[in-house]
Amino acid sequence: MNRPIKKVAIFCLALFAALFVNANYIQFVNASSYSSHPDNRRNLIYAFQNPRGEIIVDGKAIATSTPTTGTLKYQRQYVNGPLYAQATGYFSVNYGSTSIEHYENALLQGTDSRLATQQFLNTIENKGKSGGSVVLTLNAAAQQAAYNGLANVGNGKEVEGAVVALDPKTGAILALVSAPSFDPNKLATHNTTDEAKAANALAADPLQPNLDRALLQTYPPGSTFKIITSAAAMDNGINGQPVDENTVIQSPLNVLTFPDTNASLSNDAGETCGNTTLIQAFTQSCNTVYGTVGLDVGGAKLQAEAEKWGFNQQGPSVPMTAASSAFPKNVTFDASVAQSAIGQFNVRMTPLQGALMAATVANGGVMMAPYLVKQELDTKGGVISTTQPHQLYNPITSDQANQLKDMMVSVVQNGTGTAAQINGVQVAGKTGTAQRGAGQNALAWFVSFAPANDPKVAVAVLVQDNNPNAGDIFGGTLAAPIAKDVIQAVLGSQK
């Protein structure tokens with residue numbers, strides 16, 4: 001072989017070697033980045049090639065995959081879409097996935113490693129691949145009651161609000177509703193024009209129907225926070241003296257004023273509340289008494305107590321990660337401390353946190369971690385995993401919890417929460433009316449649990465009525481009846 005031919009041959013071999021190296025680099029080193037690239041349409045086609053697993057509530061599928069005749073062979077469909085929208089989320093061609101559809105995607109899609117053996121056998125048997133299913137903890141009756149309650153409270157006009165119901169003994173989420181809601185079917189369509197219209201309409205809606213207010217939005221908790229302020233007083237005492245539900249609190253009758261300032265604190269309905277027991281002040285939701293308690297305990301100890309309940313901590317994952325509830329740090333100014341003690345100033349809470357607060361009292365002082373996924377199933381319906389309840393925090397003693405329970409029962413029997421009364425069932429609760437900025441209606445809160453002697457459900461309800469003609473807004477009139485309906489739905493379904 002002459003020298004020129006040899007050089008060409010070596011050059012060609014070098015090219016083949018470079019091609020071989022590059023091909024292996026692409027297939028083995030860069031494969032994952034190419035596979036996950038958003039412009040790789042093969043991923044999109046693959047995601048819709050096989051039936052996705054079901055999302056199940058009370059034995060019935062609320063999210064399924066149905067066959068189509070297009071390039072994308074299966075389309076996601078949601079039964080009662082708006083009812084479960086915040087829990088299921090959506091699985092969309094161009095807008096991805098949210099909520100359970102997102103967090104349980106590998107199982108639902110069938111790519112979870114725990115399904116590998118079944119998928120291999122399905123391929124051999126020419127059955128095709130399919131996804132596993134997810135069983136939620138939701139109680140269908142409670143979910144419907146919460147949804148209906150928020151839909152009806154506005155007298156025909158949409159209001160913003162949220163409901164969270166929990167099993168206080170396990171942390172299982174029994175209801176998860178945010179209002180207004182949206183229809184995930186409109187984002188699951190394979191008609192990209194219709195899909196874009198639906199997405200644009202959601203983005204343009206000032207009420208943000210796709211915002212999960214139950215988990216992701218924080219609000220001033222108003223007087224519901226007096227549960228924690230009461231616990232802080234029981235923990236720390238006042239003026240060196242121990243405090244229980246029957247301790248008499250010395251405070252101004254109508255207005256609490258602060259030295260060297262024009263600021264003051266009054267009772268919402270003009271009540272005369274001074275020099276009364278803690279339980280009576282709690283029952284009537286006296287701001288002057290609780291402002292005094294806050295000043296006696298002090299901002300630092302109030303903050304420490306709130307943090308024991310989960311404030312200023314990372315929000316829990318259910319598996320969607322909730323926003324963090326917040327208590328202002330290092331507050332020393334008297335007016336700010338007093339306002340914080342009644343759930344105003346810069347105190348912020350998610351509806352989930354409100355439900356956890358009530359559930360902690362119901363569960364003897366132990367806060368259980370909230371969760372939405374009850375079980376994961378394989379492609380044949382066999383159980384892969386079952387969520388095991390576990391403790392999140394333990395902020396108060398069982399004795400303190402019993403005293404707070406007595407105080408919450410008194411609210412419903414004799415105080416601001418009588419609208420939550422149920423014949424034959426003792427309900428414990430706390431109302432809240434949280435003031436907002438100028439020109440904005442107040443927020444109505446109610447946190448509760450029942451039956452008081454053997455709690456089966458804890459509920460938090462938030463109603464934000466933006467109607468300028470809404471009139472007076474109170475937690476006891478707007479939020480408490482919704483909680484009552486949810487409690488009855490849960491207890492009725494367990495008979």
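Just so it is clear, the values below take in all heavy atoms, side chains as well, and ignore hydrogens, waters and symmetry mates.
- In this structure, Lys484 contributes its side chain and Gln421 its backbone to a donor-acceptor pair below 3.5 Å.
- Between the side chains of Ser92 and Glu195, at least one donor-acceptor pair of N or O atoms lies under 3.5 Å.
- No more than 12 heavy atoms of other residues, nucleotides or ligands sit less than 6.0 Å from atom NZ of Lys374.
- Between the side chain of Asp378 and the backbone N or O of Gly382 there is at least one donor-acceptor pair closer than 3.5 Å.
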Full working for side-chain hydrogen bond (donor to acceptor under 3.5 Å, both in side chains) between Gln118 and Thr379: CA-CA 7 Å; Gln118 279 191 344; Thr379 62; 2.5 Å; yes
Verdict with supporting geometry, Thr64 and Gln77, side-chain hydrogen bond (donor to acceptor under 3.5 Å, both in side chains): CA-CA 5 Å; Thr64 60; Gln77 289 193 335; 4.8 Å; no
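- Within the 4.5 Å cutoff, side-chain heavy atoms of Tyr371 are placed close to those of Thr170.
- In this structure, the side chains of Val164 and Leu176 come closer than 4.5 Å at one or more pairs of heavy atoms.
- When the options Arg76, Lys73, Arg52 are evaluated for a side chain to side chain donor-acceptor pair (under 3.5 Å) with Ser65, the one that passes is Arg76.
- Residue pairs meeting the side chain to side chain donor-acceptor pair (under 3.5 Å) criterion with at least one member in residues 138-149, sequence neighbours excluded, are Asn139-Ser493, Gln144-Asn148.
- Here CZ of Arg114 is found 12.5 Å from CD of Gln119. Values are rounded to the nearest 0.5 Å.
- With Gln109 contributing its side chain and Ala47 its backbone, the two residues share a donor-acceptor pair below 3.5 Å.
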Test side-chain contact (heavy atoms from CB on, under 4.5 Å) applied to Met349 and Thr224, step by step: CA-CA 10 Å; Met349 179 175 81; Thr224 63; 3.6 Å; yes
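- No more than 12 heavy atoms of other residues, nucleotides or ligands sit less than 6.0 Å from atom NZ of Lys186.
- Within the 4.5 Å cutoff, side-chain heavy atoms of Trp445 are placed close to those of Pro351.
- Remark: aromatic rings of Phe345 and Phe225 are distant, center separation not under 6.0 Å.
- Panel note: side chain Asn200, backbone Leu202; no donor-acceptor pair is recorded below 3.5 Å.
- Judged by distance alone, the side chain of Gln391 and the main-chain N or O of Val366 form no donor-acceptor pair under 3.5 Å.
- In this structure a side-chain-to-backbone donor-acceptor pair under 3.5 Å is present from Ser324 to Gln313.
- Crowding of Lys129 atom NZ: a count of heavy atoms from other residues, nucleotides or ligands under 6.0 Å not exceeding 12.
- If you run side-chain contact (heavy atoms from CB on, under 4.5 Å) between Asn185 and each of Leu187, Asp183, Thr189, only Asp183 comes through.
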Residue pair Met408, Phe449: steps toward the side-chain contact (heavy atoms from CB on, under 4.5 Å) verdict: CA-CA 9 Å; Met408 293 175 71; Phe449 62 88; 3.8 Å; yes
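- For the 3.5 Å distance criterion, the side chains of Thr386 and Gln375 qualify, holding a donor opposite an acceptor.
- At least one donor-acceptor pair closer than 3.5 Å links the side chain of Ser325 to the backbone N or O of Thr350.
- Separating the CG atom in Asn346 from the NZ atom in Lys329 is a distance of 13.0 Å, to the nearest 0.5 Å.
- Residues Val490 and Val459 form no side-chain contact, since every pair of their non-hydrogen atoms from C-beta on lies 4.5 Å or further apart.
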side-chain contact (heavy atoms from CB on, under 4.5 Å) between Ile228 and Phe327, worked out: CA-CA 11 Å; Ile228 293 179; Phe327 187 90; over 6 Å; no
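- Of all heavy-atom pairs between Pro319 and Val373, the closest is CD-CG2, 4.0 Å.
- Heavy-atom contacts from other residues, nucleotides or ligands closer than 6.0 Å to CD of Gln494 number more than 12.
- Counting only N and O atoms by type, the side chains of Glu101 and Tyr78 include a donor and acceptor under 3.5 Å apart.
- Counting heavy atoms from C-beta on, the side chains of Lys226 and Ile342 come closer than 4.5 Å.
- Atom CG of Leu478 and atom CG of Leu462 lie 10.5 Å apart (nearest 0.5 Å).
- Relative ring orientation between Phe48 and Phe91 is described as tilted, the plane-to-plane angle lying within the 30° to 60° band.
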Check against side-chain contact (heavy atoms from CB on, under 4.5 Å), Thr416 and Val411: CA-CA 6 Å; Thr416 58; Val411 168; 3.7 Å; yes
